[in-house]
Amino acid sequence: ALDLCEAARSRGASSFEPVLAEIARTSIDDPALAAYQQSLLGGDAEAGKKIFRTKAELSCLRCHAVESEHEQAGGGRVGPSLIGIGKRLGRLALLEAIVTPNRRMAPGYQTSVIALNEGGYVDGRVIAEDAQCVRMLNSAGEIVEVQAADIETRRDGLSAMPEGQAQFLSPREMRDLIEYLSEL
């Protein structure tokens with residue numbers, strides 16, 4: 001459908017408008033995802049791999065691993081490993097993870113925000129905790145220790161994956177990225 005719509009729009013013929021309107025009608029109830037319905041099928045996995053690895057605005061490899069640890073060059077500590085993600089999530093769930101990362105977080109990747117008694121805050125993923133100390137992995141991949149006595153309040157935080165990543169992807173790029181992720 002994406003290829004058909006792009007071809008019809010490039011021709012500029014008004015006779016295609018009813019067909020384009022019908023294709024644009026979405027079966028996805030979620031307004032945030034509906035705009036990408038045509039990006040769910042098809043795609044070029046190699047092009048998606050290139051987008052994943054090199055598109056600077058996304059910086060996917062900064063946080064996600066897609067290869068085994070001995071093959072991986074940096075990154076992959078802040079976000080969940082995507083090895084086998086295509087077997088765990090369908091294409092719509094992959095789209096949702098890209099477009100609205102704060103809706104559902106991978107188990108073990110919920111973040112916390114700790115307000116400190118002396119002012120300021122620390123946020124990240126809790127990796128260890130006991131009665132005296134909370135150890136967190138922040139978005140820069142650094143381990144931060146907070147003494148329990150220094151904690152004023154604590155609440156759930158947002159995903160380390162920033163909202164708005166989809167704005168950096170054309171519908172074709174989104175389709176290619178989903179194709180790549182679905183094959184991992």
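All values derive from a computational prediction rather than experimental measurement. Quick note: numbers below take in every heavy atom, side chains included, and nothing from hydrogens, waters or symmetry partners.
Environment of CZ in Arg88: crowded, with over 12 heavy atoms of neighbouring residues, nucleotides or ligands closer than 6.0 Å. Counting non-hydrogen atoms of neighbouring residues, nucleotides and ligands closer than 6.0 angstrom, the NZ atom of Lys50 reaches no more than 12 such neighbours. By the neighbour-count criterion of 12 heavy atoms within 6.0 Å, atom OH of Tyr121 is sparsely surrounded, having that number or fewer from other residues, nucleotides or ligands.
The minimum heavy-atom distance between Phe168 and Glu173, with the atom names listed, is O-OE1, 3.6 Å. The two residues Ala32 and Thr100 have their closest heavy-atom pair at CB-CG2, 3.9 Å. Closest non-hydrogen pair, Met136 versus Val122, comes out as SD-CG1, 3.8 Å. When all heavy atoms are compared, the tightest approach of Met174 to Leu169 is CE-CD1, 3.8 Å. Closest heavy-atom contact between Pro171 and Ser39: O-OG, 2.9 Å. Looking at every heavy atom in both residues, Pro162 comes nearest to Gln165 through O-CG, 3.3 Å.
Within the 4.5 Å cutoff, the side chain of Ile114 has no heavy atoms near those of the Thr153 side chain. The shortest side-chain heavy-atom distance between Val126 and Arg154 falls under the 4.5 Å cut-off. In this structure, Gln110 and Asp156 have side chains that are in contact, with non-hydrogen atoms separated by less than 4.5 Å. The shortest distance between side-chain heavy atoms of Leu184 and Leu181 falls below 4.5 Å. Using a 4.5 Å cut-off on side-chain heavy atoms (C-beta onward), Glu179 and Asp44 make no contact. Inter-residue side-chain proximity for Arg175 and Gln38 is flagged as unmet; no heavy-atom pair is nearer than 4.5 Å. In this structure the side chain of Glu129 never reaches within 4.5 angstrom of the side chain of Arg135, judged on heavy atoms. Under the 4.5 Å side-chain criterion, counting only non-hydrogen atoms from C-beta, Ser159 is not in contact with Thr111.
Rounded to the nearest 0.5 Å, atoms CD (Gln37) and CG (Asp30) are 11.5 Å apart. To the nearest 0.5 Å, atoms CG (Leu95) and OG (Ser182) are separated by 12.0 Å. Atom CD of Gln167 is separated from atom CG of Leu58 by 10.0 Å, given to the nearest 0.5 angstrom. Rounded to the nearest 0.5 Å, atoms CG (Leu116) and CG (Asp150) are 6.5 Å apart.
In the hydrophobic clustering of this structure, Leu137 does not group with Ile151; members are Ile, Leu, Val, Met, Phe, Trp, Tyr whose side-chain heavy atoms approach within less than 4.5 Å, directly or through other members. Val113 and Tyr109 fall into different hydrophobic clusters, defined by Ile, Leu, Val, Met, Phe, Trp and Tyr side-chain heavy atoms under 4.5 Å apart, directly or through other members. Note: the hydrophobic cluster containing Met161 does not contain Met105 (ILVMFWY, side chain heavy atoms under 4.5 Å, direct or indirect links). One hydrophobic cluster, built from ILVMFWY side chains closer than 4.5 Å, holds both Val99 and Leu89.
Remark: the backbone N or O of Glu46 is not paired with any side-chain donor or acceptor of Asp176 at under 3.5 angstrom.
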Item to check | Verdict with supporting geometry, Leu82 and Phe52, side-chain contact (heavy atoms from CB on, under 4.5 Å) | outcome: CA-CA 11 Å; Leu82 300 181; Phe52 185 91; 3.6 Å; yes
Item to check | Residue pair Val134, Glu145: steps toward the side-chain contact (heavy atoms from CB on, under 4.5 Å) verdict | outcome: CA-CA 6 Å; Val134 177; Glu145 289 189 6; over 6 Å; no
Next on the checklist: I'd like to know whether Cys133 forms a side-chain contact (heavy atoms from CB on, under 4.5 Å) with Val146, so could you lay out the CA-CA distance, the side-chain angles of the two residues, the decisive distance to 0.1 Å, and finally the verdict.
Outcome noted: CA-CA 6 Å; Cys133 180; Val146 181; over 6 Å; no
Next on the checklist: Does Val66 form a side-chain contact (heavy atoms from CB on, under 4.5 Å) with Tyr180? I'd like the steps, not just the answer.
Outcome noted: CA-CA 11 Å; Val66 291; Tyr180 169 64; 3.8 Å; yes
